[in-house]
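In what follows, chains carry the letters A, B, and so on, assigned in the order in which the sequence lines appear, proteins first and then strands, with residues in each chain numbered from 1. As the structure is a computational prediction, the values presented were derived from the model and not from experiment.
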Amino acid sequence: MNPDRLKNNERPLVLANARVIDPSRKLDARGSVILADGMIVAAGPEADSAAVPDGAEIVDCRGAAVMPGLIDMRVFIGEPGGEHRETFASAGQSAAAGGVTTVIMMPDTDPVIDDVALVDFIARRTRDTALVNVMPMAAVTKGLKGREMTEFGLLQDAGAVGFTDGRHSITNALVLRRALTYARDFGALIMHHPADPDLTGSGVMNEGETATRLGLSGIPKEAEIIMLERDIRLAALTRGRYHAAQISCAESLEIIRRAKKAGLAVSCGVSATHLALNELDIGPYRTFFRLSPPLRSEDDRQAMIEGVADGSIDVIVSSHDPQDVDTKRHPFAEAADGAVGLETLLAATLRLVNNGDVDLLTVARALSTRPAELLGLPGGRLTPGAPADIILVDPAMPWICDGEKLRSRSKNTPFEGARFEGRVLRTIVAGRTVYAYAGD
Amino acid sequence: MNELKASPAAVFAHRHLLGIEGLLPAEIIALLDLAEEAVEVSRQVEKKKAVLRGRTQINLFFEASTRTQSSFELAGKRLGADVMNMSVGSSSVKKGETLIDTAMTLNAMNPDILVVRHHAAGAVHLLAQKVGCSVINAGDGAHEHPTQALLDALTIRRHKGPIHDLTVAICGDILHSRVARSNIMLLNALGARVRCIGPSTLLPKGLDRLGVEIFTDMRKGLKDVDIVMMLRLQRERMDGSFVPSVREYFHFFGLDAEKLAYARPGALVMHPGPMNRGVEIDSAIADGPQSLIRDQVEMGVAVRMAVLEALAQNLPNG
């Protein structure tokens with residue numbers, strides 16, 4: 001274990017003159033945040049008059065926002081098995097620079113995270129090498145094969161924060177039914193990628209006019225809609241906790257709204273990329289825009305934004321998926337899915353705020369408080385006693401994304417050259433500064 | 001629309017020919033006019049021109065082709081280029097070499113023109129971004145096959161005159177057809193009325209947004225058309241995956257004399273080849289008086305000469 005992380009010998013920190021954003025108590029107000037011993041001591045207007053701890057470093061935030069560090073519920077990391085794409089160290093640096101203080105790692109590794117020993121390995125390895133918290137979700141089924149359940153109880157005890165088959169969809173309804181039922185006994189969340197592989201077929205992008213013009217085979221929205229509808233029925237049947245990893249179209253949002261209205265323990269996520277881009281951005285066969293679920297129409301993108309604004313969509317994820325030139329430098333139909341996103345998650349999401357579609361508090365909730373609630377994590381809030389996982393953000397600072405400067409080992413960003421407003425100035429994990437903005 | 005006679009190659013100011021989409025009507029017409037001259041050259045005893053003398057043309061085919069590859073080869077040679085054929089097929093790919101690796105290797109040999117066919121849509125675009133020479137798309141997946149559309153247009157124009165007065169029906173497997181897409185773009189650009197006819201399983205979503213009328217009944221679709229373009233249906237798509245059987249397909253969508261009778265008198269029949277006789281087209285029609293299928297092959301060489309010549313004008317030091 002990294003001794004620095006253990007000792008936590010950081011000086012107490014006072015972030016004064018800040019815009020304090022705490023979605024857990026709907027707070028968006030001028031104030032201070034006081035950190036000591038890796039925890040939050042006080043935050044908000046009331047902290048202005050609180051006692052300053054001895055030897056504290058005092059920072060004048062000049063009105064910049066202090067908010068809970070991001071908890072990214074869908075991150076693929078190459079390690080173990082694909083270290084040339086990403087390691088815990090590089091993912092950690094990328095996350096720190098993007099304001100992500102907790103990375104929820106998908107089990108699609110080699111070997112697959114379906115065994116207690118693997119969860120253990122990841123906990124130790126990330127403590128040693130990653131700048132931020134990395135927590136694994138374990139596989140729902142052994143080897144992600146969609147057949148036999150993994151040891152939910154033991155895996156959870158070892159530190160798995162939830163269960164998912166990652167990129168894979170569980171096609172066998174009985175398997176998912178049993179998983180939802182059994183997970184209920186442990187209060188565990190089942191996160192699923194709803195995409196019917198038969199309907200997806202050889203499809204590589206959203207079905208419709210654009211795909212037809214490009215001569216690419218399309219993925220109908222029904223591949224997602226039908227499986228999501230099935231999943232919701234199973235959630236109703238089992239009363240299990242179900243989370244759709246990512247939805248991409250208006251019809252899926254309607255399904256989620258209906259399920260929530262019916263009082264089911266159902267939640268869902270959307271990727272920041274799907275909030276910022278649509279299928280037309282693929283342009284001349286740009287493979288960095290090849291994603292799963294695929295980028296959909298502009299109407300669908302608008303629906304996703306509405307879903308975030310009214311809270312029907314619970315969380316915003318990066319769906320960070322590092323891919324190397326060996327998997328991306330191919331014709332579109334032969335390239336791998338996925339884009340990196342840890343470093344652009346906040347900036348891409350802040351487009352919604354800067355466009356006036358959603359307020360900062362709502363966005364912060366979907367990026368931190370809500371994921372923490374769903375996974376039962378202590379973070380995602382600025383309340384006394386919560387871990388000092390926080391970020392300092394200038395929500396209006398302009399910058400241009402340069403793929404080559406990304407800290408991820410892979411540079412497959414769909415935001416190359418994109419103009420963003422909103423930059424992380426400082427990232428703090430357990431009271432320790434793991435990233436500080438030092439100019440572009 | 002007036003099919004103006006502009007000084008042909010000068011109008012076409014592109015480095016590559018990757019597709020019909022994006023070409024202006026005047027550019028298409030300039031290429032067709034240039035191709036008319038190439039037809040004359042090809043019918044002389046002395047068939048050689050010197051516009052590509054000293055130039056190297058590589059035909060890079062990742063997908064087997066007899067007709068298109070030999071047509072490009074002959075076109076290049078008639079213009080004086082050194083032509084090399086590379087059938088990559090599977091050998092390099094099996095060794096793990098990517099498309100781009102192959103392209104970079106060839107690029108290092110300093111070709112002037114690369115003619116590329118690939119089984120994946122967009123592969124030729126990708127390649128064009130990575131090499132320093134002119135690239136011609138000889139077919140990429142289900143995306144485009146621009147020289148096929150140009151040769152079809154030339155064939156039509158020589159028999160029917162200006163294209164903008166005509167109604168053209170494209171019949172069969174539109175879903176998988178690059179020929180259909182390029183023809184839709186070109187015929188629409190020149191103002192023709194375009195119809196697509198086929199079973200719904202072989203019509204892509206959003207096809208109606210491409211400016212075509214859609215029919216699933218061949219007799220209705222062929223009514224009063226001037227040109228019938230048949231498409232090849234691959235055998236593996238007739239085994240119940242897209243259509244139930246060969247005989248059911250031929251019954252409803254195979255072109256025979258009875259169905260052709262619904263078209264305008266004197267309507268002409270085309271097929272990009274290779275044909276499945278008795279599947280999408282009856283032999284009697286393919287070889288009959290209304291068939292332009294053999295003309296298409298001759299026009300293929302002429303159109304490819306025109307494209308090569310037009311691109312040659314824009315080559316460095318050209």
Side-chain angles (χ1 to χ4, degrees), chain A residues 84 198-225 249 251 278-290 294-300 323-337 403 412 416-417, chain B residues 16 18-22 62-63 93 96-104 116-130 137 139-146 174-182 184-185 188 196 201-212 214 241-242:
Chain A
H84 64 293
D198 294 320
L199 272 175
T200 300
S202 59
V204 295
M205 70 170 289
N206 187 37
E207 185 173 89
E209 181 190 350
T210 312
T212 294
R213 280 184 185 278
L214 291 170
L216 294 171
S217 38
I219 303 173
K221 293 197 278 188
E222 284 70 15
E224 174 176 306
I225 298 165
C249 56
E251 291 85 347
N278 67 30
E279 60 179 344
L280 296 175
D281 289 299
I282 290 170
Y285 303 96
R286 293 190 291 179
T287 59
F288 290 0
F289 294 73
R290 187 180 157 168
L295 291 169
R296 301 286 186 187
S297 69
E298 177 61 12
D299 286 348
D300 290 312
Q323 296 291 338
D324 196 12
V325 288
D326 64 334
T327 50
K328 277 294 189 184
R329 228 170 58 159
H330 291 289
F332 196 87
E334 294 168 3
D337 291 321
N412 54 313
E416 174 67 44
Chain B
H16 307 300
L18 301 180
I20 297 295
E21 192 167 29
F62 291 87
E63 209 180 57
V93 178
E97 192 174 64
T98 66
L99 167 67
I100 292 182
D101 293 334
T102 308
M104 297 316 286
V116 185
R117 168 169 290 189
H118 197 277
H119 50 84
V124 183
H125 281 74
L126 179 64
L127 216 138
Q129 290 164 14
K130 306 287 176 187
N137 183 356
D140 64 326
H143 178 227
E144 282 230 43
H145 190 357
I174 314 282
L175 180 65
H176 299 99
S177 178
R178 52 192 173 220
V179 174
R181 279 171 185 71
S182 287
I184 290 168
M185 303 289 168
N188 271 330
C196 286
T201 45
L202 293 175
L203 300 173
K205 268 257 178 114
L207 179 63
D208 53 320
R209 304 285 295 270
L210 268 50
V212 300
I214 295 173
S241 54
F242 290 91

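The two residues A/P284 and B/Q129 have their closest heavy-atom pair at O-NE2, 4.4 Å. Minimum interatomic distance between A/L214 and B/A121 (heavy atoms only, all atoms of both residues): O-CB, 3.4 Å.
Under the rule for a side-chain contact (heavy atoms from CB on, under 4.5 Å), the partners of B/R181 that lie at least two apart in sequence or sit in another chain are A/T212, B/A142, B/P204. Every salt bridge (Lys or Arg N to Asp or Glu O under 4.0 Å) that A/E209 has, sequence neighbours left out, goes to A/R213, B/R209.
Below 30°, between 30° and 60°, or above 60°: for B/H125 and A/Y285 the angle between ring planes is between 30° and 60°, a tilted geometry.
B/H176 does not touch chain A: none of its heavy atoms, backbone or side chain, sits under 4.5 Å away. If you measure heavy-atom distances from B/E21 to chain A, the contacts under 4.5 Å come from the side chain alone.
When each of B/L210, B/L127, B/L99, B/L175 is scored by its heavy-atom pairs under 4.5 Å with chain A, the top score falls to B/L210.
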